[in-house]
Amino acid sequence: MAATTPASPAASSDAFASLKLQPRAGGRSAIVSNLLAGPLQVRLQGDSRTPPATVLNADEQRELLWLADEGKPLRLVLDAFPGDPAARPQDHLYLVPVQSASVQVSQAFAGHYSHTDAQNLYAVDFPLAEGTPVRAARGGRVMQVVDSREQGSLLRILHGDGSMALYAHLQAASAQVRPGQTVEAGQTIALSGNTGHSSGPHLHFVLQANTGLALRSIPFRMVSERGELKFPRQVP
């Protein structure tokens, strides 16, 4: 038997979960571990006996399937999507994630350069010098910290209504928080950078929700020291 975790629509599944096949009672148990400090929806595919999608709690490990060892090759595919599809995000006024009297936006909702897919349609890019402090736009729980200059350093923060804020292209090794930590709105969480697939130094901010085996961006309102930024509530 072989277990694989190919790319899912939410990014690479192995960034969110791990799958292992463990011998047990004449067969194999498919055990999935949630690698996030927050809820994760997972789905196994590749066999007619695989169970329906389920939600794992933060850091939870669970046996999802047992299969008799019939001597036949088996390919199981694990899909993983951050967040709980039962959550219902509420309208909330977010803080601009950088404390500055002058806030610039280089690409907003439906930006033609890179804000065209479902996960980033309602994203906003803030051009910032590398090393600029990035603050939490809303209080919540740190769900994920990724530190990679090549793939891109990022933070994912889970809010009380189940929505998730993603802060991307951060400076490598700049995170000032850890998974599972509670943060307050306005708290410095990392430094801005130019990591990953970035066209230049900037902060990529997007609010996302799990809509049921899919990760999608959702519109939001945001305020700076000078007042509310004007983003459209809907895009074409």
Side-chain angles (χ1 to χ4, degrees), residues 10-11 15 36 38 82-83 89 92-159 163-179 181 183-209 215-232 235:
L36 303 179
H92 183 85
L93 187 60
Y94 290 78
L95 294 179
V96 169
V98 57
Q99 192 164 6
S100 173
S102 178
V103 176
Q104 293 183 321
V105 172
S106 58
Q107 190 178 196
F109 294 175
H112 69 277
Y113 182 72
S114 60
H115 298 173
T116 57
D117 64 296
Q119 294 185 29
N120 295 288
L121 184 64
Y122 292 103
V124 176
D125 288 345
F126 299 93
L128 298 170
E130 292 189 54
T132 301
V134 173
R135 64 179 182 175
R138 179 180 178 182
R141 183 185 186 192
V142 180
M143 188 174 182
Q144 181 186 29
V145 177
V146 175
D147 185 21
S148 171
R149 182 176 296 278
E150 293 74 25
Q151 298 300 317
S153 295
L154 61 85
L155 283 169
R156 186 183 300 273
I157 293 181
L158 176 69
H159 306 131
S163 63
M164 299 167 287
L166 189 69
Y167 305 76
H169 304 307
L170 301 173
Q171 188 175 89
S174 72
Q176 299 183 22
V177 293
R178 63 187 184 280
Q181 180 177 340
V183 298
E184 303 293 332
Q187 179 179 337
T188 298
I189 55 176
L191 302 179
S192 65
N194 190 26
T195 59
H197 302 292
S198 172
S199 59
H202 74 283
L203 172 68
H204 177 88
F205 176 89
V206 62
L207 188 67
Q208 297 177 330
L215 190 63
R216 297 185 181 277
S217 60
I218 53 180
F220 58 87
R221 296 184 300 124
M222 182 168 276
V223 64
S224 71
E225 282 76 1
R226 291 190 174 184
E228 186 171 345
L229 279 63
K230 300 301 182 182
F231 300 136
V235 296

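Since the model is a prediction, treat every value here as computed from it, not as a measurement.
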Open item on the list: Any heavy-atom pair between the side chains of Glu225 and Gln99 that's under 4.5 Å?
Closed with: yes
- [ ] Verify the neighbour count for atom CD of Gln151: are there more than 12 heavy atoms of other residues, nucleotides or ligands below 6.0 Å?
- [x] no
Open item on the list: I'd like to check the ring-ring contact (aromatic ring centres under 6.0 Å, His included) partners of Phe205; sequence neighbours left out, ordered by chain and number.
Closed with: Tyr167, Phe220
Task: Straight-line distance of Ile189 CD1 to Ser174 OG, nearest 0.5 Å - done: 9.0 Å
TODO: Applying side-chain contact (heavy atoms from CB on, under 4.5 Å), run through Ser224 and Leu229 and close with a yes or a no.
DONE: CA-CA 7 Å; Ser224 71; Leu229 279 63; 3.9 Å; yes
Task: Exam field: side chain Thr132 to backbone Ser192, donor-acceptor pair closer than 3.5 Å - done: no
Task: Heavy-atom check, side chain of Met164 versus side chain of Leu215, under 4.5 Å - done: yes
Open item on the list: Measuring only between side-chain heavy atoms, which start at C-beta, is Leu95 closer than 4.5 Å to Arg135?
Closed with: yes
- [ ] Identify the heavy atoms of His202 and Pro127 that sit nearest to each other, and give their distance.
- [x] CB-CA, 3.8 Å
Task: Rounded distance (nearest 0.5 Å) linking atom OH of Tyr94 with atom CG of Leu207 - done: 4.0 Å
- [ ] Indicate whether any N or O donor in one side chain lies under 3.5 Å from an N or O acceptor in the other, for Asn120 and Ser217.
- [x] no
Open item on the list: For a quick test of reading the model, state the closest non-hydrogen atom pair linking Val183 to Ala136 and the distance between them.
Closed with: CG2-CB, 4.3 Å
Open item on the list: In the structure I gave you, are the side-chain heavy atoms of Gln187 and Gln176 within less than 4.5 Å of one another anywhere?
Closed with: no
Open item on the list: Apply side chain to side chain donor-acceptor pair (under 3.5 Å) to residues His169 and Asp125 and explain how you reach the verdict.
Closed with: CA-CA 10 Å; His169 304 307; Asp125 288 345; 5.9 Å; no
Task: Donor-acceptor contact present, side-chain Ser153 to main-chain Ser148, <3.5 Å - done: yes
- [ ] Rounded to the nearest 0.5 Å, what's the gap from OG on Ser199 to CG on Asn194? Could you check?
- [x] 8.0 Å
TODO: Please identify each residue that fulfils ring-ring contact (aromatic ring centres under 6.0 Å, His included) with His197, with sequence neighbours left out.
DONE: none
- [ ] Please report the shortest heavy-atom distance between Ala173 and Asp147, naming the atom on each side.
- [x] N-OD1, 2.6 Å
Task: Closest heavy-atom pair and its distance - Pro179, Val145 - done: CD-CG2, 3.8 Å
Task: Side chains of Pro219 and Phe231 in contact at under 4.5 Å (non-hydrogen atoms) - done: no
Open item on the list: Taking side-chain hydrogen bond (donor to acceptor under 3.5 Å, both in side chains) as the definition, give me every residue that meets it alongside Gln104, ordered by chain and number, with sequence neighbours left out.
Closed with: none
TODO: Would you check if the side chain of Gln171 reaches a backbone N or O of Ala190 as a donor-acceptor pair within less than 3.5 Å?
DONE: no
Task: Evaluation steps, side-chain contact (heavy atoms from CB on, under 4.5 Å), between Phe109 and Leu121 - done: CA-CA 6 Å; Phe109 294 175; Leu121 184 64; over 6 Å; no
- [ ] Give, for atom OG of Ser198 and atom CD of Glu130, the distance between the pair rounded to the nearest 0.5 Å.
- [x] 8.5 Å
TODO: Could you grab the distance from atom NE2 of His159 to atom CZ of Arg138, nearest 0.5 Å is fine?
DONE: 5.5 Å
Task: Pairwise distance CG(Leu158) to CD(Gln144) - rounded to 0.5 angstrom - done: 11.5 Å
TODO: List the atom of Val124, the atom of Val105, and the distance in Å for their closest heavy-atom pair.
DONE: CG1-CG1, 3.8 Å
Task: Side-chain heavy-atom pair Glu228, Leu93 within 4.5 angstrom cut-off - done: yes
TODO: State, with a plain yes or no, whether a side-chain heavy atom of Leu203 is found less than 4.5 Å away from one of Pro97.
DONE: yes
